[in-house]
Amino acid sequence: MISLAAPTATTNPAEGYSGFIGWVLNLMESLGEVGVGLAILLETFLPPIPSEAVLPVAGFLAYEGRMSFWIAWAAATAGALLGAWIWYVIGAALGRDRTRRLVGSTPLLDFEDFDKAETFFRRWGGVAVLLGRCVPLVRSFVSIPAGIERMPFLHFTAYTAIGSGIWNAIWIGMGFAFGPAIKPALEQWSGILSNVVLVILAILLGWFVIGRLRQIGKKNRESAPTGAM
């Protein structure tokens with residue numbers, strides 16, 4: 001049987017890290033398991049803090065005996081659940097009509113975008129919440145349509161807890177299983193990975209904006225009156 005505890009190390013695991021990962025590691029080092037939960041809660045509202053990079057650090061700290069594996073896992077899942085509840089309440093407070101008007105009045109968005117998202121969620125609501133916990137950005141905002149559609153709160157909580165719990169266990173487990181091997185890898189790639197996340201978000205945003213501008217231009221050309229012959 002493999003023990004999830006290890007002798008306390010004398011090294012400083014925050015040394016040599018940079019970017020978001022370095023900041024989050026210092027947060028975990030200062031607050032322990034509470035810092036893990038807080039980091040995942042922040043990730044719900046700040047997508048540039050990727051849980052895929054944060055959670056292995058918690059596993060590494062658990063390997064070194066700096067924190068409990070299971071308490072870190074529970075804290076991460078609680079942080080994800082709390083963030084999901086907040087977005088759920090926001091969606092429920094806004095309601096369908098207000099959210100639809102908000103989407104329709106947002107530049108580069110229109111009512112059709114909301115209608116498609118609503119149709120998708122009504123069909124795949126439970127699956128979307130469960131699997132959405134494993135997808136960046138989606139895991140933050142999938143809670144909004146759940147609130148708008150008034151998905152039963154206990155069902156929403158169960159889907160979120162299961163999805164988040166599995167996701168957190170995988171990544172914290174990887175950090176614990178690889179032990180010392182994870183530290184030099186994170187030291188080398190922490191700053192690069194933080195920048196890559198920002199670049200990917202910028203590319204996705206640019207791709208969306210360009211695609212939407214082309215779509216708007218096409219609609220305008222199709223609706224423009226034909227010139228007199």
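It should be emphasised that the depicted structure is a prediction, and the values quoted were computed from it without experimental measurement. In what follows, residues are counted from 1 in the order of the sequence shown.
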Interatomic spacing from [atom1] in [X] to [atom2] in [Y] - rounded to 0.5 Å:
| X | Y | atom1 | atom2 | result |
| --- | --- | --- | --- | --- |
| M151 | Y159 | CE | OH | 6.5 Å |
| L31 | M67 | CG | CE | 9.5 Å |
| W73 | I170 | CH2 | CD1 | 12.5 Å |
| L130 | S164 | CG | OG | 9.0 Å |

Discussion item. Once ring-ring contact (aromatic ring centres under 6.0 Å, His included) is applied, do any residues pair with Y88, and if so which ones, sequence neighbours excluded?
Written reply: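 Testing Y88 for ring-ring contact (aromatic ring centres under 6.0 Å, His included), a comparison that skips the adjacent residues, returns F153, F156.
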Practice prompt. Using side chain to side chain contact (heavy atoms under 4.5 Å, CB included) as the criterion, list what pairs up with L94, not counting sequence neighbours.
Written response: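 Side chain to side chain contact (heavy atoms under 4.5 Å, CB included) list for L94, sorted by chain: I90, R98, T99.
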Item to complete: Taking side-chain hydrogen bond (donor to acceptor under 3.5 Å, both in side chains) as the test, write out the residues that go with T160, two or more places apart.
Response: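 T160 satisfies side-chain hydrogen bond (donor to acceptor under 3.5 Å, both in side chains) with no residue once adjacent residues are dropped.
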Fill in: Those residues that, when tested against W87, pass side-chain hydrogen bond (donor to acceptor under 3.5 Å, both in side chains) (two or more places apart)
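Partners of W87 by the side-chain hydrogen bond (donor to acceptor under 3.5 Å, both in side chains) criterion come out as none, since no residue qualifies.
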Specify the closest pair of heavy atoms between [X] and [Y], including all atoms of both residues, with the distance to one decimal.
| X | Y | answer |
| --- | --- | --- |
| A58 | V36 | CB-CG2, 3.9 Å |
| G95 | I148 | C-CG2, 4.1 Å |
| G79 | I40 | C-CG2, 4.3 Å |

Using the rule that two of Ile, Leu, Val, Met, Phe, Trp, Tyr join whenever any of their side-chain heavy atoms come within less than 4.5 Å, decide whether [X] and [Y] are in one cluster.
| X | Y | result |
| --- | --- | --- |
| F69 | I166 | yes |
| V89 | L42 | no |
| V57 | M174 | yes |

Worksheet item: Does any N or O in the side chain of R150 come within less than 3.5 Å of the main-chain N or O of A92, such that one atom is a donor and the other an acceptor?
Response: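 Pair found, side chain donor or acceptor close to backbone of A92.
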Worksheet item: Does the E33 side chain pair with the main chain of S68, one donor and one acceptor, at a distance under 3.5 Å?
Response: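 Here the side-chain-to-backbone pair exists.
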Worksheet item: So do the side chains of T157 and W85 get within less than 4.5 Å of each other, counting heavy atoms only?
Response: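 Yes, side chains in contact.
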Fill in: T44 side chain near I86 side chain, heavy-atom distance below 4.5 Å
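A side-chain contact is absent here, since even the closest heavy-atom pair is not under 4.5 Å.
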Fill in: Qualifying side chain to side chain donor-acceptor pair (under 3.5 Å) pairs, either residue in residues 168-178, two or more places apart
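Those involving residues 168-178 are T77-N168.
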